[in-house]
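Notes for the one structure printed next.
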Amino acid sequence: MKTILLEQLWTAKKSIFFWSLALAGSSFLVIELYDSMATQFTSAFEESGMPAGFEAFFGNMSAFSSPAGWLGLEMYSLMLPISLAIVGISAGSSAVGREENSGTLELLLSSPISRSRLMIEKLTAVTLQLFIIAFAVWVTIALSKYFLNYDINLQDAALATLSAFLVGLVFACSAAAIQAISGSRSLAIGICSGILIVAYFVDSLAPLVDVMDSIKHASVFYYYDGQEALLGDGNVINSVILFAASLILAALAVFSFDKRDIGI
């Protein structure tokens with residue numbers, strides 16, 4: 001059972017390394033800039049006033065003055081959850097989509113392994129891929145706390161990072177499910193990318209537009225607690241909902257792949 005899982009992780013090693021390096025480096029840069037930039041931003045917004053609708057997209061700008069608020073606005077409001085969602089869409093659609101496109105899926109399934117087991121192992125590898133990238137960000141924050149004296153609660157940072165990881169996992173399982181149903185990796189990427197954009201704007205515009213407010217509960221980002229968790233106001237129920245959604249979508253992917261006629 002470990003063979004397929006480890007092979008999938010090995011195939012994704014470059015993606016894991018570069019995404020981990022990019023997001024960990026971005027986190028370090030944001031933390032490093034706190035002392036010099038946060039006060040300037042806060043003063044600028046206090047003097048000029050907050051642009052209309054600005055907080056709808058970037059969160060509570062008054063939080064700039066605290067280390068947790070600064071990190072939340074600069075890293076956790078958009079960059080981290082969107083990046084993990086992109087990784088999830090790519091990895092989820094490729095779980096069996098890469099083999100199906102290359103024509104090696106038939107060879108793989110000719111071995112004594114069930115389709116459901118294959119998909120489960122592939123999705124487990126995708127989950128680990130996302131977890132490693134998210135964990136690299138948290139490790140960077142932890143090291144910054146101890147070596148740069150960055151004043152942040154590591155438990156809150158862990159909950160915030162977990163929330164971002166779960167957003168990525170939902171999109172990964174969604175992409176895997178769509179690919180398993182349709183047999184098309186490009187279709188899965190296209191649909192999930194569209195959902196990602198719509199979901200973000202629905203959640204962002206909900207405080208400003210009545211129509212958006214009525215459907216905000218359908219957005220994945222409504223349950224994302226990155227900024228709130230960093231400030232100690234995270235809701236564990238939201239993380240449970242995201243995890244449950246991931247399990248349902250993963251089960252759909254396994255069931256659909258097991259039942260679809262792929263000519264074998």
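Owing to the predicted nature of the structure, the values given are computational and were not obtained by experimental measurement.
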Practice item. Would you sort out whether S174 and I195 count as a side chain to side chain contact (heavy atoms under 4.5 Å, CB included), showing the intermediate values? Key: CA-CA 10 Å; S174 298; I195 292 173; 5.9 Å; no

Review point. Given L196 and F221, is the side chain to side chain contact (heavy atoms under 4.5 Å, CB included) satisfied, shown in steps?
Key: CA-CA 9 Å; L196 172 61; F221 291 98; 3.5 Å; yes

Review point. Does the side chain of P81 reach to within under 4.5 Å of the side chain of V220, using non-hydrogen atoms?
Key: no

Point to revise | Partners meeting ring-ring contact (aromatic ring centres under 6.0 Å, His included) with Y222 (sequence neighbours left out) | key: H217

Practice item. Consider only side-chain N and O atoms of Y76 and T161, and report whether a donor and an acceptor are under 3.5 Å apart. Key: yes

**Study point:** Closest approach of Q227 to G72 (non-hydrogen atoms, all atoms of both residues)
**Key:** CG-O, 3.4 Å

Review point. Under 3.5 Å, is there a donor-acceptor pair between the side chain of D225 and the main chain of S163?
Key: no

Check your understanding: Who passes salt bridge (charged side-chain N to carboxylate O under 4.0 Å, His left out) against K216, sequence neighbours left out?
Key -> D213

Revision key, fill the gap. Hits for salt bridge (charged side-chain N to carboxylate O under 4.0 Å, His left out) against E228, two or more places apart or cross-chain, chain-then-number order -> none

Review point. Of all heavy-atom pairs between S94 and Q8, which one has the smallest distance, and what is that distance?
Key: O-NE2, 4.3 Å

**Study point:** Side chain T127, main chain L123, donor-acceptor under 3.5 Å
**Key:** yes

Point to revise | S256 side chain to A253 backbone, donor-acceptor under 3.5 Å | key: no

Practice item. Of all the heavy-atom pairs spanning A180 and M119, show the shortest one and how long it is. Key: CB-CE, 4.0 Å

Review point. Taking the side chain from R115 and the backbone from K259, do they hold a donor-acceptor pair closer than 3.5 Å?
Key: no

Check your understanding: Is there a donor-acceptor pair closer than 3.5 Å between any side-chain N or O of W138 and the backbone N or O of A160?
Key -> no

